[in-house]
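Report on one structure; see the data block that follows.
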Amino acid sequence: MKTTEFARRRKQLMRMMGHDSIAILPTALEKIRNRDAEYPFRPDSDFYYLTGFPEPEAVLVLVPGRKHGETILFVRDRDPERETWTGRRAGPEGACERFGADDAFPIGDIDDILPGLLEGRERVFYTMGVHPDFDSHVIGWVNRIREHSRSGQRTPGEFVSLEHLLHDMRLYKSAAEIKAMKQAAKVAANAHRRAMQVCKPGLWEYQIEAEFSHEFRRHGCQHAYNPIVGGGANGCILHYNENNAQLQAGDLLLIDAGAEYDCYASDITRTFPVNGRFSKAQRALYELVLAAQAAAIAKVKPGNHWNDPHDAAVKVLTAGLVKLGILKGRVGKLIKDAAYKHVYMHRTGHWLGMDVHDVGDYKVGDAWRILEPGMVLTVEPGLYIPAGSKGVARKWWNIGIRIEDDVVVTKTGCEVITAGAPKTVDEIEALMASNMT
Ligand code: GLY
Ligand code: MN
Ligand code: MN
């Protein structure tokens, strides 16, 4: 993404913040996995959204109207010896030259410099409670100014969470963001296709997971979240992550895996038969989930509200479950009583963006949010019937199905950006036809 895109976002945020304010955003902390081995570093999404700066130990400070520059980055200083061990650093100079900061300082100097930047500012935009250690630094800097208030320094009077402004901005994706999300979607869709092409009984769930890792990494992506690769009964566990069972003929395989590209996520679920052919029962439920998804996607358009797709999915699922004899009663009453909840216990989607469960309010006051162009959401109905489900005939047991696509709200309706992953029964069976030979 171009530095001008990040500059535009900062300008927009500062316009909303107002002149007598300041914003402070630290990036994510590095996390230990075990002993001294770390998890791969992933910048904080809010921080990265405004900077594109990929290194740890960095803080963005925005000071609207500051004469010597409004965008200030605190970053790790250059250090040839450390860089030999832990990798290259942009340093303050690189932060200005390559990342568009107006001013940049070594992170070690932040304690000396930050109080001066706070001086004379009325409002501090900072999100408390995410980094407790950093919270106490911020409080300490404000207190330092307070101590000098008798010499005429003005202490900030107001702390405001940055999330309201920033997360609302992040909800509306720009053209550059949609482009990144389409790339993440394309890579993930191809990986799902690849999984269908290699799947056969006897393989292990982790071997299918490996197809995703390979496909993602060879396109410069990583997993946007821990992938779910669950055969048979495992497909009925919503957040199954063990991915260590052997795949059996006659079972379905549910895969929820998405790629992250340039810090933007895709989120795709496909469900298909391990041996390439749906059984009659599997097919009946699969077609039902697919119809529910189509009905939900048809509701994704400007002017409809957030819950319209969910309501549409629930309606189709409930009517279908009655038809198949899995629910008994009047559809209207069953929906009112949420009688489908034992087989469809999650919602039909969420916002999608830099975070897989992206930021943005789902309600404005008491009302569901109205969909607008540039919003991106998932549409992911499912049905989950583990063995032993009370009142459900045996033939439906151990069927877990979810079908999940990523959908952009456009001016006239919506665009499914994950359509490259096959999902009709015919498409899937045709693609898998040669696997068993
Ligand atoms: N992969 C997480 C979700 O579907 O919400
Ligand atoms: Mn999802
Ligand atoms: Mn998912």
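Throughout, residue positions are numbered sequentially from 1 according to the sequence presented.
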| said: For the residue pair Y126 / D135, report whether a side-chain donor-acceptor contact shorter than 3.5 Å exists. | reply: yes
| remark: Scanning both residues in full, the closest heavy-atom pair of V229 with Y240 reads O-CE2, 3.2 Å
| Taking R270 for the side chain and A421 for the main chain, is one N or O donor matched with an acceptor at less than 3.5 Å? | yes
| Quick one: ring-ring contact (aromatic ring centres under 6.0 Å, His included) partners of H223, sequence neighbours excluded? | F216
| field | Close side-chain approach of V376 to D358, heavy-atom, < 4.5 Å | value | no
| Hey, mind stepping through H164 and D361 against side chain to side chain donor-acceptor pair (under 3.5 Å) and telling me if it holds? | CA-CA 9 Å; H164 302 296; D361 292 331; 5.4 Å; no
| task | Return each pair, listed once, that meets side-chain hydrogen bond (donor to acceptor under 3.5 Å, both in side chains) where at least one residue sits in residues 335-354; pairs must be two or more places apart or across chains. | result | D267-H350, N307-R347, H310-T348, K333-D337, Y344-T348, H346-Y384, H350-T378, H350-E380
| request: Before giving the answer on side-chain contact (heavy atoms from CB on, under 4.5 Å), spell out for V289 and T271 the whole-Å C-alpha distance, their side-chain angles and the decisive distance to 0.1 Å. | output: CA-CA 10 Å; V289 176; T271 309; over 6 Å; no
| message | Working note: K423 + E427, criterion salt bridge (Lys or Arg N to Asp or Glu O under 4.0 Å); need CA distance, chi angles, decisive distance, verdict. | response | CA-CA 6 Å; K423 66 176 172 182; E427 278 171 340; over 6 Å; no
| query | Thinking salt bridges, do R76 and E55 make one under a 4.0 Å N-O criterion? | reply | yes
| Under 3.5 Å, side chain of E429 to main-chain N/O of F278, donor-acceptor pair present? | yes
| note | Rounded to the nearest 0.5 angstrom, the CE-CD distance for M1 and E177 is 6.0 Å
| query | If only atom types and distance count, is the side chain of R10 paired as donor or acceptor with the main-chain N or O of L50 below 3.5 Å? | reply | yes
| With a 4.5 Å limit on heavy-atom distance, are the side chains of F134 and I24 in contact? | yes
| So how far is it from L165 CG to R15 CZ, rounded to the nearest 0.5 Å? | 12.5 Å
| Would a distance-only check, ignoring hydrogens and angles, find a side-chain to backbone donor-acceptor pair under 3.5 Å from T418 to A185? | no
| Quick one: ring-ring contact (aromatic ring centres under 6.0 Å, His included) partners of F53, sequence neighbours excluded? | F99
| said: Could you walk me through whether V187 and Y261 satisfy the side-chain contact (heavy atoms from CB on, under 4.5 Å) test, starting with their C-alpha distance in whole Å, then the side-chain angles of each, then the deciding distance to 0.1 Å, before giving a yes or no? | reply: CA-CA 9 Å; V187 171; Y261 174 75; over 6 Å; no
| message | Distance check, rounded to the nearest 0.5 Å: R193 atom CZ versus M432 atom CE? | response | 12.5 Å
| message | Are the side chains of L238 and R402 in contact, using a 4.5 Å heavy-atom criterion? | response | yes
| said: For N398 versus A387, what's the shortest heavy-atom pair and its separation? | reply: OD1-N, 3.3 Å
| Spacing of CZ belonging to F272 relative to CD1 belonging to I428, to within rounding of 0.5 Å | 8.0 Å
| Pairs involving residues 407-417, ordered by first then second residue, that meet side-chain hydrogen bond (donor to acceptor under 3.5 Å, both in side chains) (sequence neighbours left out) | K182-E415
| Is there a donor-acceptor pair under 3.5 Å between the side chain of D79 and the backbone N or O of E81? | yes
| message | Within a 6.0 Å radius of atom NZ on K11, are there more than 12 heavy atoms belonging to other residues, nucleotides or ligands? | response | no
| Any side-chain heavy atom of D77 sitting closer than 4.5 Å to one from D109? | no
| task | Examine distances only and state if a side-chain atom of Y225 and a backbone atom of G258 form a donor-acceptor pair shorter than 3.5 Å. | result | yes
| Do I107 and V75 come within less than 4.5 Å of each other through their side chains, counting heavy atoms only? | no
| query | Has the side chain of W397 got a donor or acceptor atom that lies under 3.5 Å from a matching backbone atom of V392? | reply | yes
| query | Nearest heavy-atom pair of A224 and S266: which atoms, and what distance? | reply | CB-O, 3.9 Å
| message | The test is salt bridge (Lys or Arg N to Asp or Glu O under 4.0 Å); show your working for K301 and D308 and say whether it passes. | response | CA-CA 10 Å; K301 54 180 166 192; D308 280 327; over 6 Å; no
| Check ion pair K2-E5 (N to O, under 4.0 angstrom) | no
| message | Return the CD1 to CD distance between I255 and E211, rounded to the nearest 0.5 Å. | response | 9.5 Å
| Aromatic rings W204 and Y206: how do their planes relate, parallel, tilted or perpendicular, breaks at 30° and 60°? | parallel
| task | Drop me the distance from N435's CG to M196's CE, to the nearest 0.5 angstrom. | result | 10.5 Å
| said: Set out, in order, the CA-CA distance, both residues' side-chain angles and the distance that settles side-chain contact (heavy atoms from CB on, under 4.5 Å) for H219 and K186, then state yes or no. | reply: CA-CA 10 Å; H219 287 101; K186 185 173 139 193; over 6 Å; no
| query | Does L25 reach the side chain of V59, with side-chain heavy atoms less than 4.5 Å apart? | reply | no
| task | Answer whether the closest heavy-atom distance between the side chains of C263 and R42 falls below 4.5 Å. | result | yes
| message | Looking at every non-hydrogen atom in both residues, tell me the closest pair between A257 and P227 and how far apart they are. | response | CB-CB, 4.0 Å
| task | Specify the closest pair of heavy atoms between A245 and N234, including all atoms of both residues, with the distance to one decimal. | result | CB-ND2, 3.6 Å
| field | Pairwise side-chain hydrogen bond (donor to acceptor under 3.5 Å, both in side chains) hits with a residue in residues 85-102, at least two apart | value | none
| Backbone of L352 reached by a side-chain donor or acceptor of K173 within 3.5 Å | yes
| query | Looking only at atom types and distance, does a side-chain atom of E205 sit under 3.5 Å from a main-chain N or O of N244, one as donor and one as acceptor? | reply | yes
What side-chain donor-acceptor pairs closer than 3.5 Å can you find for residues 317-332, not counting sequence neighbours?
| from | atom 1 | to | atom 2 | distance (Å) |
| --- | --- | --- | --- | --- |
| T318 | OG1 | V314 | O | 2.7 |
| K328 | NZ | G325 | O | 3.2 |

| Closest heavy-atom contact between P309 and V300? | CG-CG2, 4.0 Å
| message | Checking the side chain of E404 only, and the main-chain atoms of G382 only, is there a donor and an acceptor separated by less than 3.5 Å? | response | no
| message | Assess the residue pair I32 and E38 against the criterion (side-chain contact (heavy atoms from CB on, under 4.5 Å)); give the C-alpha distance rounded to whole Å, side-chain angles, the decisive distance to 0.1 Å, and a yes or no. | response | CA-CA 4 Å; I32 296 288; E38 287 158 356; 4.0 Å; yes
| query | Does a donor on one side chain sit under 3.5 Å from an acceptor on the other, for Y48 and D262? | reply | yes
| said: With heavy-atom distances below 4.5 Å as the criterion, would you say the side chains of R369 and Y362 are in contact? | reply: no
